[in-house]
J.: 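Sending over a structure as structure tokens; questions will come in a sec.
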Amino acid sequence: MPFDTSTPLRARVGDPSSEVLEAYRGSGATGVGPHKLSDAEWKQVDMAIAALPRRHRDILQRHLRRISFVEASAGAGNALTSRVAADCGTALFDLTLRAGLFQESLSGFLTGKEAGLFKDDGSGTTVRIEAGEMPAIPYILLHESTHIVDGVLGLSVRDVFREGVWAKEGGRALAPALAANPVATIAWRGGARRPIHEAASLYAGLRATPFVSLYASVAPGEDLAELVAWQQLASRWHVRPAIVVRGADGKIQLRYAPLDTPAIRARMNRVATLLRTAD
């Protein structure tokens with residue numbers, strides 16, 4: 001069927017493609033299959049779509065083919081944004097989310113994701129991302145839909161966005177000034193998982209970078225998606241996430257609120273301007 005750009009985004013919710021299901025199985029997920037939304041889950045979806053910035057909704061209206069929810073075990077990928085072959089003369093994307101995310105708060109989701117960077121060393125150290133009890137779905141839909149906006153507008157490859165953060169030759173290499181920072185060798189960038197007692201020093205390193213989160217350092221596209229998502233958390237939901245590292249005695253070793261730093265506020269303002277003015 002021809003792609004109809006007038007179809008409401010809500011009406012594009014449908015079963016995941018066989019390729020998406022196979023991708024989840026290939027990543028090691030178990031129990032993989034389509035997920036049918038409950039009434040309560042539909043409410044979360046409607047809230048998440050309504051909360052998207054106008055630029056995002058406009059671009060999704062023209063370029064999003066399908067939103068799907070998949071049953072899959074945790075740890076094998078929370079979301080997948082994929083470009084799909086199309087004969088309509090425009091770029092089309094599918095967006096798939098793991099259905100278990102409906103049961104997670106934003107704090108729980110971010111904390112659980114961050115845990116993948118560390119290994120238990122018996123120190124009793126803990127890492128928690130404090131972001132309130134709002135549902136995780138609006139944040140994840142915003143992050144993933146930013147990849148579609150980026151795919152259409154090419155924001156993350158622009159010099160104004162990469163300068164001083166990413167290497168001039170392109171790709172995911174960090175700028176020389178960041179190459180020696182602990183962030184450069186986190187597990188998400190191909191390094192080893194760190195003993196969790198090193199968490200405070202790792203986040204102290206993050207504080208010295210322009211990244212709003214450790215996940216932002218994975219690649220320019222993730223950097224953009226995280227900046228947009230965190231900016232919207234603050235401006236729309238009045239949520240300002242903080243990273244809290246505690247020792248075995250429960251005392252805080254480090255508390256870092258990235259949105260309080262001038263460098264990150266300046267970058268978020270720059271991205272917001274790009275989203276408003278890009279053709």
Side-chain angles (χ1 to χ4, degrees), residues 23-24 27-30 32 44 48 69-81 95-121 125-147 172 182-207 209 211-234 237 239-246 254-259 264:
Y24 272 88
S27 69
T30 58
V32 176
Q44 288 195 45
F69 297 88
V70 62
E71 296 283 359
S73 55
N78 291 303
L80 177 64
T81 298
L95 197 161
T96 307
L97 303 181
R98 183 174 60 82
L101 296 169
F102 283 113
Q103 310 306 318
E104 297 190 36
S105 69
L106 182 57
S107 293
F109 169 75
L110 293 176
T111 298
K113 184 175 182 178
E114 212 83 350
L117 295 172
F118 302 103
K119 57 184 178 182
D120 186 20
D121 57 10
T125 304
T126 62
V127 175
R128 178 168 174 79
I129 313 298
E130 296 182 347
E133 294 306 310
M134 68 172 282
I137 288 291
Y139 162 86
I140 298 165
L141 181 62
L142 175 59
H143 177 108
E144 293 300 318
S145 62
T146 299
H147 289 318
R172 60 194 293 267
V183 167
T185 56
I186 62 173
W188 290 330
R189 289 187 55 84
R193 296 172 67 194
R194 282 175 163 77
I196 197 166
H197 79 269
E198 298 179 5
S201 61
L202 175 60
Y203 290 112
L206 175 65
R207 180 182 272 159
T209 76
F211 294 119
V212 73
S213 68
L214 287 173
Y215 195 68
S217 72
V218 170
E222 301 299 348
D223 187 16
L224 175 70
E226 286 288 89
L227 281 170
V228 172
W230 283 53
Q231 188 270 341
Q232 287 291 295
L233 285 178
W237 289 293
V239 172
R240 304 180 70 82
I243 302 158
V244 180
V245 181
R246 296 180 184 271
L254 176 141
R255 186 182 191 280
Y256 173 44
L259 299 183
I264 288 174

J.: Partners of Glu144 by side chain to side chain donor-acceptor pair (under 3.5 Å), sequence neighbours excluded?
T.: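 Testing Glu144 for side chain to side chain donor-acceptor pair (under 3.5 Å), a comparison that skips the adjacent residues, returns Thr81.
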J.: Taking side chain to side chain donor-acceptor pair (under 3.5 Å) as the definition, give me every residue that meets it alongside Thr185, ordered by chain and number, with sequence neighbours left out.
T.: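 Side chain to side chain donor-acceptor pair (under 3.5 Å) check on Thr185 returns Arg194.
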J.: For Asp120, check side-chain contact (heavy atoms from CB on, under 4.5 Å) against everything at least two apart and list the hits.
T.: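 Here no residue qualifies.
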J.: Given side-chain contact (heavy atoms from CB on, under 4.5 Å), test Leu95 with Leu141 step by step and report yes or no.
T.: CA-CA 9 Å; Leu95 197 161; Leu141 181 62; 3.9 Å; yes
J.: CG/Leu80 to OG1/Thr96 distance, rounded to the nearest 0.5 angstrom?
T.: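 These two atoms lie 5.5 Å from each other.
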J.: Kindly give the heavy-atom pair with the smallest separation between Ala200 and Val245, and that separation in Å.
T.: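 The answer is N-CG1, 4.1 Å.
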J.: Could you report the tightest heavy-atom contact between Pro138 and Ala48, atom names first, then the distance?
T.: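 Scanning both residues, the minimum pair turns out to be CA-CB, 3.7 Å.
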J.: Would you please name every residue forming a side chain to side chain donor-acceptor pair (under 3.5 Å) with His143, sequence neighbours left out?
T.: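 With sequence neighbours excluded, His143 shows a side chain to side chain donor-acceptor pair (under 3.5 Å) to His147, Glu222, Glu226, given in chain and number order.
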J.: Of all the heavy-atom pairs spanning Thr126 and Ile196, show the shortest one and how long it is.
T.: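 Shortest heavy-atom contact: CA-CD1, 4.4 Å.
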J.: Residues two or more places apart in sequence or in another chain: which of them pass ring-ring contact (aromatic ring centres under 6.0 Å, His included) with Tyr139?
T.: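 Once residues adjacent in sequence are excluded, Tyr139 has no partner under the ring-ring contact (aromatic ring centres under 6.0 Å, His included) criterion.
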J.: Using the test ring-ring contact (aromatic ring centres under 6.0 Å, His included), find all partners of Trp237 that sit at least two apart in sequence or belong to another chain.
T.: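 Counting only residues at least two positions away or on another chain, Trp237 forms no ring-ring contact (aromatic ring centres under 6.0 Å, His included).
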J.: Extract all donor-acceptor atom pairs below 3.5 Å that involve side chains of residues 108-118 and protein atoms in other chains or at least two apart in sequence.
T.:
unit_1: Thr111; atom_1: OG1; unit_2: Ser107; atom_2: O; d: 2.8
unit_1: Thr111; atom_1: OG1; unit_2: Ile129; atom_2: N; d: 2.9
unit_1: Thr111; atom_1: OG1; unit_2: Ile129; atom_2: O; d: 3.4
unit_1: Glu114; atom_1: OE2; unit_2: Tyr203; atom_2: OH; d: 2.9

J.: Enter the distance from Ile243:CD1 to Glu130:CD here, rounded to the nearest 0.5 Å.
T.: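 Ile243 atom CD1 to Glu130 atom CD measures 10.5 Å (nearest 0.5 Å).
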J.: Can you tell me how far CG of Leu227 sits from OG of Ser213, rounded to the nearest 0.5 angstrom?
T.: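 One gets 8.0 Å once the value is rounded to the nearest 0.5 Å.
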J.: Go through the structure and list residues passing salt bridge (Lys or Arg N to Asp or Glu O under 4.0 Å) with Glu104, not counting sequence neighbours.
T.: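 Partners of Glu104 under the salt bridge (Lys or Arg N to Asp or Glu O under 4.0 Å) test: Arg98.
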J.: Using the test side-chain contact (heavy atoms from CB on, under 4.5 Å), find all partners of Pro220 that sit at least two apart in sequence or belong to another chain.
T.: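 Only Ser156, Arg162, Trp166, Arg172 meet the side-chain contact (heavy atoms from CB on, under 4.5 Å) criterion with Pro220.
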J.: Given the rule in the side-chain contact (heavy atoms from CB on, under 4.5 Å) test, do Leu233 and Met134 qualify, once you have shown the distances and angles that lead to the verdict?
T.: CA-CA 10 Å; Leu233 285 178; Met134 68 172 282; 3.9 Å; yes
J.: Does Gln44 use its side chain to pair, donor to acceptor, with the backbone of Phe102 at less than 3.5 Å?
T.: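 Checking the backbone N and O of Phe102 against the side chain of Gln44, a donor-acceptor pair under 3.5 Å is found.
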J.: Could you work out, with side-chain contact (heavy atoms from CB on, under 4.5 Å) as the rule, every residue matching Ser73, not counting sequence neighbours?
T.: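 If we apply the side-chain contact (heavy atoms from CB on, under 4.5 Å) test to Ser73, skipping adjacent residues, the hits are Ala29, Thr30.
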J.: In Å, rounded to the nearest 0.5 Å, how long is the span from CZ of Arg255 to CZ of Arg128?
T.: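 Answer rounded to 0.5 Å: 12.0 Å.
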J.: Rounded to the nearest 0.5 Å, how far apart are OH of Tyr215 and CG of Asp223?
T.: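 Going from the OH atom of Tyr215 to the CG atom of Asp223 covers 12.0 Å.
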J.: Mind listing the closest non-hydrogen atom pair of Gly205 and Pro182 along with its distance?
T.: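 Here Gly205 and Pro182 meet closest at CA-CD, 4.3 Å.
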J.: What are the two closest non-hydrogen atoms of Val32 and Ala72, and how far apart are they?
T.: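 The pair with the smallest heavy-atom distance is CG2-CB, 4.3 Å.
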J.: Where do Val127 and Ala199 come nearest, in terms of heavy atoms and distance?
T.: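 Heavy atoms of Val127 and Ala199 come nearest at CG2-CB, 3.6 Å.
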J.: About how many Å separate CZ of Arg193 and CD1 of Ile186, when rounded to the nearest 0.5 Å?
T.: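 These two atoms lie 13.0 Å from each other.
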J.: Using the test side-chain contact (heavy atoms from CB on, under 4.5 Å), find all partners of Arg240 that sit at least two apart in sequence or belong to another chain.
T.: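 Result, side-chain contact (heavy atoms from CB on, under 4.5 Å) vs Arg240: Ala234, Leu259, Asp260.
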J.: My understanding is that only residues two or more places apart in sequence, or in another chain, count here; which of them pass ring-ring contact (aromatic ring centres under 6.0 Å, His included) with Tyr24?
T.: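 Expected list: none.
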J.: Does the side-chain contact (heavy atoms from CB on, under 4.5 Å) test come out yes or no for Asn78 and Ile140, once each step is laid out?
T.: CA-CA 9 Å; Asn78 291 303; Ile140 298 165; 5.5 Å; no
J.: So do Pro241 and Trp230 actually touch side chain to side chain, heavy atoms under 4.5 Å?
T.: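 A side-chain contact under 4.5 Å exists here.
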J.: Look at the side chain of Arg189 and the backbone N and O of Ala184, then say whether any donor-acceptor pair between them is shorter than 3.5 Å.
T.: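 The answer is yes, because a donor-acceptor pair under 3.5 Å joins these two groups.
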